[in-house]
Asker: 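Sending over a structure as structure tokens; questions will come in a sec.
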Amino acid sequence: MKLTDIILENRDYRVEANKLEKELRDTYNRDDIHVSMGAYSGSRSANDPLRDKGFGKVTIRSNEDVPNGEYKNMKNFLTAKGYEITGGANWFEQEDDRYVFPDIKFNFQI
């Protein structure tokens, strides 16, 4: 295996996640937005639709739901940047020591 193959296979998405996080924070004037990104395993079969895709999640660490219009605009913002929205929920919930924050899940082409 070539060194370039190993480097590309283990690509670190922190730079892209930090860039997207900064854009979202600046656009929506919120410091509670956090973005994480990664890639599906390269060992997937050639017929697997997720083989050449990465995944990500935008989490809004707010103790309340995000206003519906703002949440929808965030999803539209991600779609306009080429990300495919795959899920998420716009609600905050707390049970004992467990917190559920509003989030948006997405996939992207590698």
Asker: Do Ile85 and Ile104 have side chains that get closer than 4.5 Å, going by heavy atoms?
Answerer: yes
Asker: Do Met74 and Ile60 have side chains that get closer than 4.5 Å, going by heavy atoms?
Answerer: yes
Asker: So which atom in Gln94 and which in Tyr99 form the shortest heavy-atom distance, rounded to 0.1 Å?
Answerer: NE2-OH, 3.3 Å
Asker: For the backbone of Asn73 and the side chain of Tyr28, can you confirm whether one donor and one acceptor N or O come within less than 3.5 Å of each other?
Answerer: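 Side chain of Tyr28 to backbone of Asn73: a pair is present.
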Asker: So do Glu93 and Trp91 actually touch side chain to side chain, heavy atoms under 4.5 Å?
Answerer: yes
Asker: Strictly under 6.0 Å, is that where the ring centroids of Phe101 and Phe92 end up?
Answerer: yes
Asker: When you compare the side chain of Thr79 with that of Glu84, does any pair of heavy atoms fall below 4.5 Å?
Answerer: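 SC-SC contact between Glu84 and Thr79 ruled out.
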Asker: Using a 4.5 Å cut-off on heavy atoms from C-beta on, say whether the side chain of Phe108 contacts that of Leu78.
Answerer: no
Asker: Could you tell me which non-hydrogen atom of Glu16 sits nearest to which non-hydrogen atom of Met37, and how far apart they are?
Answerer: C-SD, 3.8 Å
Asker: Just by distance, do the side chain of Glu21 and the backbone of Val35 share a donor-acceptor pair under 3.5 Å?
Answerer: yes
Asker: To check you understand the geometry: which heavy-atom pair defines the closest contact between Ala39 and Ile110, and what is its length?
Answerer: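 Here Ala39 and Ile110 meet closest at CB-CD1, 3.8 Å.
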Asker: Are more than 12 heavy atoms, taken from residues, nucleotides or ligands other than Asn29, located less than 6.0 Å from that residue's CG atom?
Answerer: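 Incorrect, the count does not exceed 12.
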Asker: Decide, yes or no, whether a salt bridge links Asp32 with Arg61 under the criterion of side-chain N to carboxylate O below 4.0 Å.
Answerer: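 Salt bridge: no.
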Asker: Flag the pair Asp96 and Arg98 as a salt bridge only when some basic side-chain nitrogen lies within less than 4.0 angstrom of an acidic carboxylate oxygen.
Answerer: no
Asker: To the nearest 0.5 angstrom, please state how far the OG1 atom of Thr59 sits from the NZ atom of Lys105.
Answerer: 9.0 Å
Asker: For Asp65, is there any backbone N or O sitting under 3.5 Å from a side-chain donor or acceptor partner on Asn90?
Answerer: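 The answer is no, because no donor-acceptor pair under 3.5 Å joins these two groups.
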Asker: Any heavy-atom pair between the side chains of Phe77 and Leu20 that's under 4.5 Å?
Answerer: yes
Asker: So do Arg25 and Arg30 actually touch side chain to side chain, heavy atoms under 4.5 Å?
Answerer: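 No - every pair of side-chain heavy atoms lies 4.5 Å or more apart.
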Asker: With a 6.0 Å cut-off on the ring centroids, do Tyr83 and Phe55 count as close?
Answerer: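 They do not qualify: ring centres at least 6.0 Å apart.
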Asker: Measure from the side-chain N and O atoms of Tyr71 to the backbone N and O of Ala89, and report whether any donor-acceptor pair falls under 3.5 Å.
Answerer: yes
Asker: OG of Ser62 to CG of Asp31: how many Å apart, nearest 0.5 Å?
Answerer: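 Ser62 OG to Asp31 CG: 12.0 Å, rounded to 0.5 Å.
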Asker: Is there a side-chain contact between Asp26 and Lys22, using heavy atoms and a 4.5 Å cut-off?
Answerer: yes
Asker: For the pair Glu23 and Lys81, evaluate side chain to side chain contact (heavy atoms under 4.5 Å, CB included) and give the outcome as yes or no after the intermediate values.
Answerer: CA-CA 11 Å; Glu23 288 180 57; Lys81 292 212 151 280; 2.6 Å; yes
